[in-house]
Amino acid sequence: MNWSRTQDSWSPSESQMARGLHLFFTHVSPFVPFLHRPTFDTTQAAEYLVLGMLCLAYQYGEDPECGDQVGSGVSLSESCFEHARTAISSGEETMGNASTNKLSLIQAYLLLQIYAMFYVCGSESAYGLETHSKMIAFARAGGFMQPIRVESSDTKDLDSLWRKSITAESKKRTLFAAHQIDALWYQFLSIPRRLSHLEIKHDLPCPEEDWKAASAIDWAHGKLVATQSGSLLSYPDAVRCFLSPDTDFSTIPAFDPYGAINITHFIVSSAREISGWCTMTGLFSMERLVPLQTSMFALGSFIRAKVEISGVNHAALCEATWESAMVEAQLWSSTHTRGVVGGSMDTVLQQLTDLATSGDFMCEPDAAELIRPHIDWFLRYLDQPVVPDAEAPWVTLYAFKAFMIAWGFVSRGLGSMEFVGIQDGDTEGALVWAQICFGRRKRWQLGKIIMSILGRLRNSVTK
């Protein structure tokens with residue numbers, strides 16, 4: 001890898017690079033699993049991609065060049081981010097037509113927008129959304145929506161065949177990650193999607209054990225002993241399967257549950273479109289909503305079964321996405337139906353707080369019972385006494401929304417938090433509990449913002 005040299009020349013040291021890559025694959029890759037650790041080579045990777053990886057990685061560890069001083073990792077993240085922005089601007093102009101270069105550019109843009117939107121927030125969010133638009137444009141122009149077929153007849157060399165398969169799988173997983181981020185901006189910010197579900201022609205991601213194989217021999221052995229044969233299910237066919245009441249899910253070829261997140265996003269995005277239609281027309285369309293709700297239940301059972309069997313790294317992300325989607329399907333977001341469009345996660349968090357304190361999250365007891373199991377899932381998740389150092393930052397947003405709904409229920413005497421020791425009416429006690437739970441996330445910017453909000457709410461309650 002040739003690092004660009006400018007008047008302000010800088011590049012990470014060997015120790016910063018080594019620790020950063022370890023941090024990335026340990027803490028970040030579980031929620032964006034599109035880079036293959038066994039074959040990733042920093043000497044061949046684009047500068048802006050490596051810097052994008054490091055700016056996220058050092059949110060989870062300190063800078064070894066600063067003696068692991070507290071806060072040094074965040075400072076190194078900022079340096080990597082600024083240099084990545086400069087490098088990627090040059091990369092756009094010089095990348096040429098090579099598919100590998102385009103893939104690296106798309107992956108770097110994805111990582112940088114996650115950093116800007118979730119780890120910096122505030123004014124940098126504008127760059128994150130601008131980056132998102134560029135990422136989708138490059139993916140579309142580069143033909144990344146179409147599948148890449150790797151046939152065993154392409155080469156007789158096993159290692160070459162494995163590497164071609166890994167490259168094709170990385171492209172597929174990158175597009176699925178881009179689709180997930182695109183759906184998140186729609187759900188959190190009410191920004192219209194830039195990537196149509198219909199554009200995605202890929203198969204679902206391969207089983208995680210195939211993706212994580214450390215060698216061509218391990219990969220080939222896994223293929224030979226797989227209990228299910230046949231090709232993977234395509235994303236469009238998977239959506240149809242889960243929408244069909246007659247599907248026998250035991251016959252579906254094995255795939256990484258990470259792909260189920262994309263199916264979840266399709267269903268919840270569709271439900272959100274219906275909520276907008278109903279709000280505008282004043283008509284309620286059960287014939288459009290019921291099939292989506294039915295398919296969500298089927299998908300939930302499928303995800304739980306797969307997670308229990310496989311123990312995948314992104315199990316919490318799969319379940320949290322589904323649980324949040326069930327809340328969204330039952331309790332339409334006022335930020336959407338009122339036409340509120342946000343520009344940053346700071347705005348989202350404040351909107352959720354305003355909705356909770358104004359009573360807009362309140363619902364009838366019957367509706368509260370429908371979403372209670374899904375709110376309970378997040379309360380149990382938050383109650384775990386561990387630092388969630390491989391948690392997707394958007395799971396923090398899901399969990400905060402769930403808590404704010406539960407907090408509203410506590411004030412109404414709906415008994416939503418008794419199993420974590422909070423009695424009905426004890427709104428201050430609920431806030432104290434939340435400060436403990438979200439305090440485990442206070443090293444990251446989202447956690448800091450949430451802790452500030454909770455502090456202000458607690459002060460207002462005790463006055």
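Excluded from the calculations below are hydrogen atoms, water molecules and symmetry mates; all remaining heavy atoms, backbone and side chain alike, are included. All values derive from a computational prediction rather than experimental measurement.
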Roughly how far, to the nearest 0.5 Å, is CD of Q351 from OG1 of T353? 9.5 Å

Sub-4.5 Å side-chain heavy-atom contact between F242 and T247: no

Between S72 (side chain only) and D63 (backbone N and O only), is there a donor and an acceptor less than 3.5 Å apart? yes

Test item: W219 and I166 side chains (from C-beta on) under 4.5 Å apart, heavy atoms: no

Return the CE to CG distance between M404 and L355, rounded to the nearest 0.5 Å. 9.0 Å

T26 backbone acceptor or donor facing R37 side chain under 3.5 Å: no

Side chain to side chain, V28 and I114, heavy atoms closer than 4.5 Å: no

Do F400 and F188 have ring centroids that are under 6.0 Å from one another? no

is_close_aromatic(Y398, Y381), centroid dist under 6.0 Å: no

Could you verify whether a donor N or O on one side chain and an acceptor N or O on the other, from D354 and Q350, lie under 3.5 Å apart? yes

Does the T321 side chain pair with the main chain of L317, one donor and one acceptor, at a distance under 3.5 Å? yes

Closest approach of P12 and M17, non-hydrogen atoms and distance? CG-CE, 4.0 Å

I need the minimum non-hydrogen distance between Y58 and Q16, along with the two atoms involved. OH-O, 2.6 Å

Residues H374, W322; criterion side-chain contact (heavy atoms from CB on, under 4.5 Å); working and verdict: CA-CA 9 Å; H374 312 294; W322 181 82; 3.8 Å; yes

Do F34 and L111 come within less than 4.5 Å of each other through their side chains, counting heavy atoms only? yes

My understanding is that only one of F438, Y60, F118 makes a ring pair (Phe, Tyr, Trp, His ring centres under 6.0 Å) with W444; could you say which? Y60

Where do L446 and L349 come nearest, in terms of heavy atoms and distance? CD2-CD1, 4.0 Å

Please report the interatomic distance CG(L49) to CG(L112), rounded to the nearest 0.5 Å. 9.0 Å

Sorted by chain and number, sequence neighbours left out, side-chain hydrogen bond (donor to acceptor under 3.5 Å, both in side chains) with H265 holds for Q187

In terms of side-chain geometry, is the basic nitrogen of E273 or R193 positioned less than 4.0 Å from the acidic oxygen of its partner? yes

Examine distances only and state if a side-chain atom of H83 and a backbone atom of S79 form a donor-acceptor pair shorter than 3.5 Å. yes

Is the shortest heavy-atom distance from the side chain of V120 to the side chain of Y127 under 4.5 Å? no

Take atom CZ in R194; do more than 12 heavy atoms of anything else shown fall under 6.0 Å from it? no

Show, in sequence, the C-alpha distance, side-chain angles and deciding distance for L56 and V32, and conclude whether the side-chain contact (heavy atoms from CB on, under 4.5 Å) test is met. CA-CA 11 Å; L56 285 173; V32 281; 5.6 Å; no

Return the CD1 to CG distance between I88 and L51, rounded to the nearest 0.5 Å. 10.0 Å

Donor-acceptor check, side chain of R272 to backbone of Y186, threshold 3.5 angstrom: yes or no? yes

Could you state the interatomic distance from CG (L198) to CE (M145), rounded to the nearest 0.5 Å? 12.0 Å

Do F81 and Y119 have ring centres separated by under 6.0 Å? no

Apply salt bridge (charged side-chain N to carboxylate O under 4.0 Å, His left out) to residues E391 and R440 and explain how you reach the verdict. CA-CA 11 Å; E391 175 182 277; R440 302 183 187 111; over 6 Å; no

Does this structure show an ion pair linking D256 with K172, if we count only N-O contacts that are shorter than 4.0 Å? no

F378 and A320 have their tightest heavy-atom pair at CZ-O, 3.4 Å

Donor-acceptor under 3.5 Å (S77 side chain, C55 main chain): yes

